[in-house]
Amino acid sequence: MFLSTLAIRPIATQVVFTAATQKSNTPELKIHLLAGKSSQTSISSKTDFKHESTNLIANVLYRKPSDLYKLMAPSGAINANVLWQNNQAQYWYIEEQRNSEESIIAGLIKNDPQAIDAGFKMFDWGFAHQAYDGSFFLTGDRFHSTSFFVQAVAHALLVIQQSPYSQKYADQVAKYKPLVHRAARWMISSQIWERGIKRNKAYTHRRYLVAAALGLTGKLTNDQELINYARQSIKDGLSLQHSDGVNPEKGGFDSSYQMVGVVYAQRWVTYFPKDSLTPKVVLMINKALSWQQTRILDSGEISSQDNTRTAGQERRRNGKVKTVSSRSALRAFAYWASVTGNKKWEAIARKIAQYYY
């Protein structure tokens, strides 16, 4: 059934909505993004909750929800923030509370109220340190760290609204919406935005992180200005991709941060399928995943050779050496397989899962 055709400029692209019959006889809309004359990617209109529930994500990454909050202190602090809380570290980072996102989503998918409550507890610890202007008092790396937490909260709340438990947790969504909105509005205040973007310059993945943080918060709170800033960040990120598909990090490539950025870009596609930038984002993701495929060994291991950030050069907030994130890589391929229906991406995700999990 043909529903509509929308021409998108400035590239020769159209968005076509068609209905595909499922076993339940419920029509599922798919968006076919056409770029140029030869390439086409079908984008499912399934909700983010459905994509998060796809087999490899639900049964590998979310297999045991309690693992996602086992490092949480009774106060709700987690990871490096536990050290700070115990006077064992000089700085705390609001980004560490982003573990709440996966804990909540895993709880929704696995019907595990304890995991959901743990996620809310992490939210509460973070927002207890929020200042009146929306910032987080004395957090390290203010703009970047805040963008991680804002994205996590907005994403989790949107997924709650799409889940079978939307009514059960409606009060919690109502509680956190104005708090995350305030934090996102702080991010786009003039001096903060200018400094933050300047500090992000060397890292392509941060463009998509910022876009997801502001775009999803804008979607959640109906704030078009936040979405406009998100689009600006998306455009910047798209302009940086190399012809071979590399999204550069610190002047080179990194097979871990490449996937971190792709995961955030995929959320843009899911929540803004009809935006005029989305066909370009889809092409970027396809190219980025194709390059990443060249970094995956026959065994399924992800090579870190010549990475600019995760080959032993950098440390995490807790002092541990950064390594390649197999979770981000598996998620990027599995999620895109769900979005596009392309079994090639699913096969790569399975290969990664078999090696690491």
Side-chain angles (χ1 to χ4, degrees), residues 46 48-72 78-79 95-96 98-112 114-116 118-119 122 148 151-152 155-156 159 163 205 254-267 270 285 288-305 307 309-312 314 316-318 320-357:
K46 290 190 297 186
D48 191 18
F49 175 78
K50 290 293 187 182
H51 292 315
E52 289 281 350
S53 303
T54 194
N55 179 47
L56 280 169
I57 295 176
N59 294 323
V60 178
L61 299 184
Y62 297 152
R63 179 171 56 92
K64 191 177 179 183
S66 60
D67 284 347
L68 301 171
Y69 60 89
K70 65 183 179 182
L71 299 179
M72 183 184 75
I78 192 165
N79 297 336
E95 71 195 62
E96 296 286 63
R98 73 185 185 274
N99 277 46
S100 51
E101 174 187 12
E102 287 201 345
S103 185
I104 289 170
I105 296 173
L108 295 170
I109 291 170
K110 295 295 188 178
N111 189 23
D112 186 336
Q114 283 187 301
I116 297 170
M122 289 182 236
F148 268 127
Q151 193 286 148
H155 184 224
V159 174
S163 77
H205 85 277
D254 192 278
S255 59
S256 188
Y257 280 100
Q258 175 98 351
M259 294 294 93
V260 173
V262 162
V263 166
Y264 292 126
Q266 289 171 347
R267 289 175 189 161
T270 295
I285 292 170
L289 290 177
S290 293
W291 177 83
Q292 184 74 13
Q293 187 177 0
T294 70
R295 306 293 296 170
I296 300 172
L297 307 179
D298 289 342
S299 63
E301 182 181 7
I302 302 164
S303 172
S304 63
Q305 184 177 352
N307 279 1
R309 302 187 62 193
T310 57
E314 296 184 3
R316 301 187 183 279
R317 303 300 191 191
N318 60 8
K320 294 182 179 179
V321 175
K322 288 183 179 178
T323 56
V324 172
S325 172
S326 60
R327 289 183 71 85
S328 294
L330 190 155
R331 173 182 291 281
F333 283 106
Y335 193 96
W336 204 232
S338 178
V339 170
T340 64
N342 191 330
K343 296 296 184 181
K344 174 180 77 171
W345 305 129
E346 181 180 345
I348 297 169
R350 289 188 180 280
K351 188 175 182 180
I352 295 169
Q354 286 169 359
Y355 180 82
Y356 288 98
Y357 298 93

Asker: Kindly indicate, with the supporting measurements, whether the criterion side chain to side chain contact (heavy atoms under 4.5 Å, CB included) is fulfilled by Tyr356 and Ile302.
Answerer: CA-CA 10 Å; Tyr356 288 98; Ile302 302 164; 3.7 Å; yes

Asker: If you apply the rule salt bridge (Lys or Arg N to Asp or Glu O under 4.0 Å), what do you find for Arg331 with Glu101, and how did you get there?
Answerer: CA-CA 14 Å; Arg331 173 182 291 281; Glu101 174 187 12; over 6 Å; no

Asker: Hey, what do you get for CZ (Arg63) to CG (Leu68), rounding to the nearest 0.5 Å?
Answerer: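 Going from CZ on Arg63 over to CG on Leu68, the span is 10.5 Å.
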
Asker: Could you tell me which non-hydrogen atom of Met259 sits nearest to which non-hydrogen atom of Ala288, and how far apart they are?
Answerer: CE-O, 4.1 Å

Asker: A quick test of your reading: do over 12 heavy atoms of other residues, nucleotides or ligands sit less than 6.0 Å from NZ of Lys50?
Answerer: no

Asker: Quick one: ring-ring contact (aromatic ring centres under 6.0 Å, His included) partners of Tyr257, sequence neighbours excluded?
Answerer: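 ring-ring contact (aromatic ring centres under 6.0 Å, His included) check on Tyr257 returns His205.
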
Asker: About how many Å separate OG of Ser325 and CG of Asp254, when rounded to the nearest 0.5 Å?
Answerer: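 If I round to the nearest 0.5 Å, the distance is 10.5 Å.
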
Asker: Considering only heavy atoms from C-beta outward, does the side chain of Arg267 approach that of Tyr264 to under 4.5 Å?
Answerer: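 Arg267 reaches Tyr264 side chain to side chain.
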
Asker: Can you see which heavy atom on Ala332 is nearest to which on Val262, and at what distance?
Answerer: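 Heavy-atom minimum between the residues: CB-CG1, 4.0 Å.
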
Asker: How close do Leu330 and Leu56 get, counting heavy atoms only, and between which atoms?
Answerer: CD2-O, 4.0 Å

Asker: Going by ring-ring contact (aromatic ring centres under 6.0 Å, His included), name the residues that satisfy it together with Tyr69, two or more places apart in sequence or in a different chain.
Answerer: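 Counting only residues at least two positions away or on another chain, Tyr69 forms no ring-ring contact (aromatic ring centres under 6.0 Å, His included).
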
Asker: Side chains of Met122 and Ile104, heavy atoms from C-beta outward: is any pair under 4.5 Å?
Answerer: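 Counting from C-beta outward, Met122 and Ile104 never come under 4.5 Å.
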
Asker: Tell me the closest heavy-atom pair linking Leu108 and Val159, and the distance in Å.
Answerer: CD1-CG1, 4.0 Å

Asker: Roughly how far, to the nearest 0.5 Å, is CZ of Phe333 from CD of Gln292?
Answerer: 5.5 Å

Asker: Before you tell me yes or no, could you show the steps for Ser338 and Lys46 under side chain to side chain contact (heavy atoms under 4.5 Å, CB included), namely the whole-Å CA-CA distance, both residues' side-chain angles and the distance that decides it to 0.1 Å?
Answerer: CA-CA 9 Å; Ser338 178; Lys46 290 190 297 186; 3.4 Å; yes

Asker: How far does CH2 of Trp345 sit from CG of Leu289, to the nearest 0.5 angstrom?
Answerer: 5.0 Å

Asker: With a 4.5 Å limit on heavy-atom distance, are the side chains of Thr323 and Arg316 in contact?
Answerer: yes

Asker: So for atom CD, which belongs to Glu314, do other residues, nucleotides or ligands contribute more than 12 heavy atoms lying within a distance under 6.0 Å?
Answerer: yes

Asker: Are Arg295 and Gln258 linked by a side-chain donor-acceptor pair shorter than 3.5 Å?
Answerer: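 Side-chain D/A pair, Arg295 to Gln258: absent.
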
Asker: For Ser255 and Asn307, which heavy atoms make the closest approach, and how far apart are they?
Answerer: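 Shortest heavy-atom contact: OG-ND2, 2.9 Å.
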
Asker: Minimum heavy-atom separation for Gly119 and Ser100, please, with both atom names.
Answerer: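 In terms of heavy atoms, the two residues are closest at O-CB, 3.3 Å.
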
Asker: How many angstroms lie between atom NZ of Lys110 and atom OG of Ser53, to the nearest 0.5 angstrom?
Answerer: 9.0 Å

Asker: Show your reasoning for whether side chain to side chain contact (heavy atoms under 4.5 Å, CB included) applies to Ile348 and Trp336.
Answerer: CA-CA 11 Å; Ile348 297 169; Trp336 204 232; over 6 Å; no

Asker: Indicate whether the side chain of Tyr335 and that of Thr270 have a donor and an acceptor atom separated by less than 3.5 Å.
Answerer: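 Result is yes, a qualifying pair exists.
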
Asker: Please examine the side chains of Ile105 and Phe49, heavy atoms only from C-beta on, and report whether any two atoms are closer than 4.5 Å.
Answerer: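 Sidechains of Ile105 and Phe49: no contact.
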
Asker: I need the Asp48 CG to Gln266 CD distance, nearest 0.5 Å.
Answerer: 10.0 Å

Asker: Any side-chain heavy atom of Asn79 within less than 4.5 Å of one from Arg98?
Answerer: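 With C-beta onward as the side chain, the pair stays apart.
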
Asker: His51 vs Thr54, test: side chain to side chain contact (heavy atoms under 4.5 Å, CB included). Steps then yes/no.
Answerer: CA-CA 5 Å; His51 292 315; Thr54 194; 5.8 Å; no

